[in-house]
2 protein chains.
Amino acid sequence: MTTQTSSPRRYRGSAIEARRAQRRQQLIDAACEVYGRNGYRHSSVKQVCDAAGLTQRYFYESFSHSDELLIACYEQAATALREEITGAAERASVDRAERGRAMLLAYFQALKARPLIANLLLVEIRGISPAVDKAIFRALQAMNRDLTRVVVRPDHQPDELLHAGVMGGVIHIALHWMASGYRQPTDVVANTAFKLSAAMHG
Amino acid sequence: MTTQTSSPRRYRGSAIEARRAQRRQQLIDAACEVYGRNGYRHSSVKQVCDAAGLTQRYFYESFSHSDELLIACYEQAATALREEITGAAERASVDRAERGRAMLLAYFQALKARPLIANLLLVEIRGISPAVDKAIFRALQAMNRDLTRVVVRPDHQPDELLHAGVMGGVIHIALHWMASGYRQPTDVVANTAFKLSAAMHG
DNA sequence: CTAATCTGACAATGTGTATTGTCAAAGCAT
DNA sequence: ATGCTTTGACAATACACATTGTCAGATTAG
């Protein structure tokens with residue numbers, strides 16, 4: 001009688017589910033890199049597998065379509081970004097405006113620190129498929145909730161459309177900034193975005 | 001001695017260049033329809049040609065890649081939209097803010113009146129190729145110039161990044177509105193966008 | 001009418017890629 | 001050591017589509 005209950009066999013020290021999960025994660029990390037660099041639609045399954053050091057059969061072990069892998073990449077990156085941003089807000093002062101400014105600064109800092117992820121999150125992701133669009137929508141809504149919770153006064157009725165506009169505006173500022181090769185200083189960009197977000201406080 | 005100097009031959013009453021131009025236009029109009037409905041990347045050359053009532057050979061007569069046709073569609077639609085918007089601004093009062101509001105209203109009215117064109121202009125166009133991205137960039141800059149000329153005070157130094165943000169915000173508001181099936185009344189949407197654009201007047 | 005050219009339908013080719021299948025070598029349990 | 005599973009490399013298949021080529025019939029000029 002062995003110690004593990006579930007896995008009938010171990011390879012290289014780990015159980016079958018652990019190996020699968022590891023390979024899945026390898027694929028996701030490699031795909032973030034490849035998709036961010038070449039763009040999703042100019043990347044093939046084979047390229048991703050090569051970058052991950054795995055064979056194509058392992059792609060089909062964890063994902064049924066390329067879309068699924070893309071969504072996994074996106075959600076991992078978006079979640080990490082969200083955590084960075086909310087963390088920055090909590091470390092900032094209690095003033096709502098200052099928290100908003102801190103979130104924006106953290107946002108642009110993160111984009112500059114990982115340009116490939118930024119490209120994946122803001123450029124390559126668009127217009128792939130309805131399933132991907134839904135994932136984007138969910139991620140933006142989650143961010144919107146964070147933002148509302150942190151910067152909007154509790155008594156203030158939130159305007160969904162206006163919030164969407166502010167987020168879209170911030171994203172476009174980021175896109176312009178990225179396209180220019182991150183020319184302007186990060187805090188200047190964050191401040192510009194902050195001006196835009198003032199529409200929410202009114 | 002015939003009346004026409006250039007064309008060596010006439011078919012169905014028109015010269016060769018005229019026939020070519022007509023077929024080209026047929027292809028553009030059909031492509032706007034097909035791309036707007038199915039999305040650019042889910043449309044084939046054959047589908048567009050069928051919709052235009054032409055054979056594939058005529059596609060290659062006027063365009064060398066699909067991208068070229070897409071760009072032609074986009075530019076035709078964007079130019080028409082721009083003319084509608086600037087026309088509305090000129091018909092409005094001389095007050096800068098009111099002109100801005102009139103432009104926004106005209107923008108959202110146009111999007112609602114031609115949903116397929118709206119889908120092409122704001123959704124399907126994104127992330128196709130560098131050449132298409134350049135066309136988008138040009139069109140947005142042209143709009144930005146219109147906007148600046150009409151609503152910003154002449155003595156006010158324009159902030160490029162902030163303007164990009166406002167335009168991106170307006171576009172996102174439109175996207176949300178479209179995704180909801182144009183739920184909210186057009187003037188309410190335009191007013192929301194107007195609030196956002198207030199960041200420019202500051 | 002006749003010859004030249006334009007038109008439209010369709011076949012032929014080429015390419016890139018997803019997806020499935022095969023198989024020998026390596027790794028583990030007993 | 002031996003038999004079973006897993007792994008990795010690669011071949012085989014399938015498919016969709018762009019792009020080029022062919023050709024008979026329609027259209028026009030002279």
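Proteins come first, then strands; the chains are lettered A, B, ... in the order of their sequence lines, and each starts at number 1.
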Rounded to whole angstrom units, what separation is found between the [atom1] atom of [X] and the [atom2] atom of [N]?
X       : N      : atom1 : atom2 : value
A/Arg19 : D/dT6  : CZ    : C1'   : 7 Å
B/Glu17 : C/dC6  : CD    : C1'   : 15 Å
B/Gln22 : C/dT7  : CD    : P     : 11 Å
A/Lys46 : C/dT20 : NZ    : C1'   : 16 Å

Modelled atom types, side-chain donor and acceptor of A/Glu84 and A/Gln109, under 3.5 Å:
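No - no donor-acceptor pair under 3.5 Å links their side chains.
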
Between [Y] and [X], does any NZ, NE, NH1 or NH2 come within less than 4.0 Å of an OD or OE carboxylate oxygen?
X       : Y       : answer
B/Glu61 : B/Arg57 : no
B/Arg99 : B/Asp95 : no
B/Glu17 : B/Arg20 : no

Are A/Arg10 and D/dT6 close enough that a side-chain N or O sits under 4.0 Å from OP1 or OP2?
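Answer no for this pair, as no side-chain N or O of A/Arg10 is under 4.0 Å from OP1 or OP2.
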
Mind checking B/Arg20 for me? I need base, sugar-phosphate or nothing, with any heavy atom below 4.0 Å counting as a touch.
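Counting heavy atoms under 4.0 Å across all strands, no contact is made by B/Arg20.
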
What residues in residues 27-44 of chain B put a non-hydrogen atom under 4.0 Å from any atom of DNA chain D?
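Residues of residues 27-44 of chain B under 4.0 Å from DNA chain D: B/Ser44.
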
Give me the residues of residues 53-70 of chain A where at least one heavy atom lies under 4.0 Å from an atom of DNA chain D, by number, or none.
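Contacting residues: A/Thr55, A/Arg57, A/Tyr58.
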
Report the C-alpha distance between A/His42 and A/Tyr35 in whole Å, list the side-chain angles of each, state the deciding distance to 0.1 Å, and finish with yes or no for ring-ring contact (aromatic ring centres under 6.0 Å, His included).
CA-CA 8 Å; A/His42 298 103; A/Tyr35 292 165; over 10 Å; no

Close side-chain approach of A/Met167 to B/His172, heavy-atom, < 4.5 Å
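Of all side-chain heavy-atom pairs linking B/His172 with A/Met167, none is under 4.5 Å.
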
Are the side chains of B/Arg183 and B/Trp177 in contact, using a 4.5 Å heavy-atom criterion?
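Answer no - side chains too far apart.
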
For the ring pair B/Phe59 and B/His65, is the centre-to-centre distance below 6.0 Å?
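Aromatic pair excluded; centres sit 6.0 Å or further apart.
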
